Amino acid sequence: MTQTELDQAVGEVLIEQLALQSRIAELGTEISADYAGRDLLLVGVLKGAVFFMADLMRELTVPCEIDFMAISSYGAATDSSGVVRILKDLDINVADRDVLVVEDIIDSGLTLSYLMRNLRARKPASLEVVTLLTKPERREIDVPVRYVGFEIPNRFVIGYGLDFAERYRNLPYVAVLNPELIPNAT
Ligand code: IMP
Ligand code: MG
């Protein structure tokens, strides 16, 4: 992408790089204390959570492993339908494991709700969620989330793993997508 395309896509910066780093360090401290004496299995949801997960994991002091799932929800580019399909399943058996699902963002909650039901059926010892971002105004279904990085307003955001049509994941901060790029902007 050219610099001009980038400049046109990126709106207001909601969370600067330094703020992300320091909040993730706090989450790492909190999670390490909560899971002291246990082994943690981090389950990342591809692809957006990869960036957050990599940084969070380096702030953990408990023994931990990672695995990934890829899921796709049918629907428009910026809206979740809640109809979810598993594209890639876990390699590691989660039965009797302390599982922490790592999400980039919770919007309607429909994707996560499906995922939690699916994972719970595999009988983990414990199952919790950490999300970098949440948009409480958009929630359609209640999902218990143990750790939240930041609550954000109802805007479509890009950067630090979050994409618009697969672009802009590499931005080191979280910014609002220029609404002119979204036909049915929220
Ligand atoms: P939910 O099922 O509505 O909670 O949607 C969750 C998924 O939608 C996230 O994992 C993201 O992939 C995507 N998503 C929701 N809001 C945004 C956003 O503001 N920017 C980029 N992706 C988003
Ligand atoms: Mg996505």
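When a ligand or atom number is given, it counts from 1 through the structure's own listing order. The structure displayed is predicted, hence computed values, not measured ones.
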Counting only heavy atoms from other residues, nucleotides and ligands, does the tally under 6.0 Å from CZ of Arg23 exceed 12? yes
Check Val102 against Ala49 and note the closest heavy-atom contact, atom names and distance. O-CB, 3.4 Å
Ligand 1 N/O within reach of Gly109 N/O, cut-off under 3.5 Å: yes
Against heavy atoms of Glu103, which atoms of ligand 1 measure under 4.0 Å? 10 (O)
Counting only heavy atoms closer than 4.0 Å, does ligand 1 sit against the backbone of Glu140, its side chain, both, or neither? neither
Counting only heavy atoms, which portion of Leu177 has something under 4.0 Å from ligand 1: side chain, backbone, both, or neither? neither
Tell me, do Ile71 and Asn118 make a side-chain contact under 4.5 Å, heavy atoms counted? no
Side chain to side chain donor-acceptor pair (under 3.5 Å) contacts touching residues 32-44 (sequence neighbours left out): Ser32-Thr61, Asp34-Arg146, Asp34-Tyr147, Arg38-Asp98
Heavy-atom pair of closest approach, residues Ser72 and Leu87: CB-CD1, 3.6 Å
Thr111 and ligand 1 - part of the residue with a heavy-atom distance under 4.0 Å: both
Any nitrogen or oxygen of Phe156 lying under 3.5 Å from a nitrogen or oxygen in ligand 1? Just yes or no. no
Numbering the atoms of ligand 1 from 1, which are under 4.0 Å from a heavy atom of Asp163? 21 (C)
As an exercise, identify every atom of ligand 1 less than 4.0 angstrom from a heavy atom of Lys135. 16 (N), 17 (C), 18 (C), 19 (O)
Could you tell me which atoms of ligand 1, counted from 1 in the order shown, lie closer than 4.0 angstrom to a heavy atom of Arg155? 19 (O)
Just to verify, what does Ser113 make a side-chain hydrogen bond (donor to acceptor under 3.5 Å, both in side chains) with, not counting sequence neighbours? none
Is the NZ atom of Lys88 crowded by more than 12 outside heavy atoms at less than 6.0 Å? yes
At their closest point, which heavy atom of Leu14 faces which heavy atom of Pro153, and how far apart are they? CD1-CD, 4.4 Å
May I ask whether Leu112 has any heavy atom positioned less than 4.0 angstrom from an atom of ligand 1? no
Within the 4.0 Å heavy-atom cut-off, what Arg138 brings close to ligand 1 is neither
Counting only heavy atoms, tell me which of Ile105, Asp104, Val84 gets closest to atom 13 (C) of ligand 1. Ile105
